**Student:** 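Take this structure first; my questions come after.
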Amino acid sequence: MESLENQNETLLLAIELINKASITPDDSGCQEIIKARLESCGFDCETHQMADVTNLWARIGTANPLVCFAGHTDVVPPGELENWNTDPFTAEIREGRLFGRGAADMKGGLAAMITAAEQFVAEVPTFSGSIAFLITSDEEGLAKYGTRAVVDVLQRRNENIDYCVVGEPSSTRRPGDTVRVGRRGSLTGTLRVFGSQGHVAYGHLASNPIRAFAPVLAELNRLEWDSGNEHFPPTSFEIVHLNSTSGADNVIPGVLDLKFNFRYSTEWTHTSLQQRLERLLRQYELKYELDWHLSGEPFLTHPGLLTETVVAAIRSVANLEPELSTGGGTSDGRFIAPMGADVVEVGLVNATIHKENENIEIHHLDTVCQIYKRILNGLLVDCRDG
Ligand SMILES: [Zn+2]
């Protein structure tokens, strides 16, 4: 480990968080550290423990607008330990990089948003509006008792978020090069196609579900669902599981099981996609059962004060012109956007997230902290003055 002397606050906090093995949905004490930091600079903190998930809602100020930082303390499992060059849960600095599970996704981002708020509140104690943190330990897992559940609590008491900055690692090479201004929807289907089992030598006495499904599969792969739009890439359809067997070489199987996922643009809603797919199944006269799971409808933050403020912050801190994108996977922004909040994701570089030897460049931590601080200035000081 290189010397920690003269290292900045953001790095020290990131290290402290990485050293807690908070594999989803276990918070492992991370939020106690965050809570202590935020309380000592004036935030009111509430812990919402729901099942095995720990959530933190922290707020300073009572006025509008409410600017919320959102993030998660949970991390994905480390994978194969022998492929790591360091202990995933002991942060290590090597050649200007910080290694450890969660360094990029997203304990580094959490540390940056906390030190940004601490510095901002100390420097501008008379800011207008309010600042909040919505932190969960259930982003990488089921996401049932996490952000979604806290949003329910907030909505019941009419506490509305106006602007939300999700500190997920949005960037490709340098912090701020990519800002996510929306996300595609995600919809999963679990399909069972029924045939009837029989002896392989007497095919006419059976009905093979693989044979019945083959032309549907071909058509599904051929279909162009849409060509995207101004803000979204085209809708994609992928099969993630396919199985049909009787277990024996001389038996035609009776059922075929399939799982698939749509990542869809605002050209569709989950119901219109479901209807389109079922129409196809009926067209081929399949006998089937189908269950759907909606992870989130697509959302889009239209150009406005939040996007302008974020772009200006990145220009001034990082000297970059960010790309505004709706690509990538889903995030907890999908639960916050339906409150009517404008949501963006901006944070560290995502090159090593969920991989072995996850790491970030150390100096990026300070860049991200400064970007977050500039965003607070833009939304809670400059607007008031201007
Ligand atoms: Zn994440």
Side-chain angles (χ1 to χ4, degrees), residues 10 13-28 30-31 33-34 53-56 68-79 88-89 91 98-114 116 133-151 164-172 175-184 186 263 295-296 299 310 325-337 343-361 364-365 368-369 371-372:
T10 309
L13 180 54
I15 290 171
E16 213 180 332
L17 294 173
I18 291 168
N19 290 347
K20 303 271 180 203
S22 54
I23 297 173
T24 190
D26 183 9
D27 171 68
S28 202
C30 291
Q31 290 178 30
I33 297 170
I34 294 170
V53 176
T54 313
N55 301 299
L56 177 67
C68 177
F69 285 107
H72 60 91
T73 50
D74 58 326
V75 296
V76 294
F89 297 110
L98 176 64
F99 287 84
R101 174 55 87 225
D105 187 9
M106 58 164 277
K107 290 174 170 177
L110 280 177
M113 56 176 67
I114 289 152
F133 282 81
L134 199 176
I135 313 283
T136 182
S137 70
D138 184 27
E139 198 274 343
E140 303 287 9
L142 292 174
K144 187 174 172 196
Y145 297 111
T147 300
R148 182 204 300 256
V150 179
V151 164
C164 180
V165 176
V166 183
E168 291 283 2
S170 64
S171 302
T172 309
D177 62 10
T178 310
V179 175
R180 309 237 174 250
V181 293
R183 289 284 189 165
R184 289 188 288 178
S186 173
R263 292 298 158 104
S295 304
F299 71 89
V310 170
S325 144
T326 57
T330 63
S331 85
D332 276 1
R334 70 195 142 132
F335 302 125
I336 299 169
V343 178
V344 296
E345 292 173 27
V346 54
L348 288 159
V349 170
N350 57 25
T352 60
I353 60 171
H354 295 207
K355 296 186 182 181
E356 287 135 357
N357 298 306
E358 180 176 348
N359 73 88
I360 50 167
E361 283 186 47
H364 287 175
L365 285 169
V368 173
C369 170
I371 290 172
Y372 292 158

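For ligands, and for the atoms within them, numbers begin at 1 and follow the listed sequence. Quick caveat, the model's predicted, so the values are computed rather than measured. The first residue in the sequence is number 1, and the count goes up from there.
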**Student:** Considering only N, O or S atoms, which atom of E168 is nearest to the Zn ion (ligand 1)?
**Tutor:**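 Output for this pair reads OE1.
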**Student:** Under 4.5 Å between any side-chain heavy atoms of V346 and Y372, yes or no?
**Tutor:** yes
**Student:** Measuring from the Zn ion (ligand 1), name the closest N, O or S atom belonging to H72.
**Tutor:** NE2
**Student:** Just checking, is any N or O donor in the side chain of T136 or N55 under 3.5 Å from an acceptor N or O on the other one?
**Tutor:**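 There is such a pair between these side chains.
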**Student:** In the structure I gave you, are the side-chain heavy atoms of T10 and I114 within less than 4.5 Å of one another anywhere?
**Tutor:**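 They are not in side-chain contact.
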**Student:** What is the name of the N/O/S atom of D105 that is nearest to the Zn ion (ligand 1)?
**Tutor:** OD1
**Student:** Begin with the C-alpha distance, continue with both residues' side-chain angles, and end with the deciding distance and a verdict on salt bridge (Lys or Arg N to Asp or Glu O under 4.0 Å) for R183 and E345.
**Tutor:** CA-CA 10 Å; R183 289 284 189 165; E345 292 173 27; 2.4 Å; yes
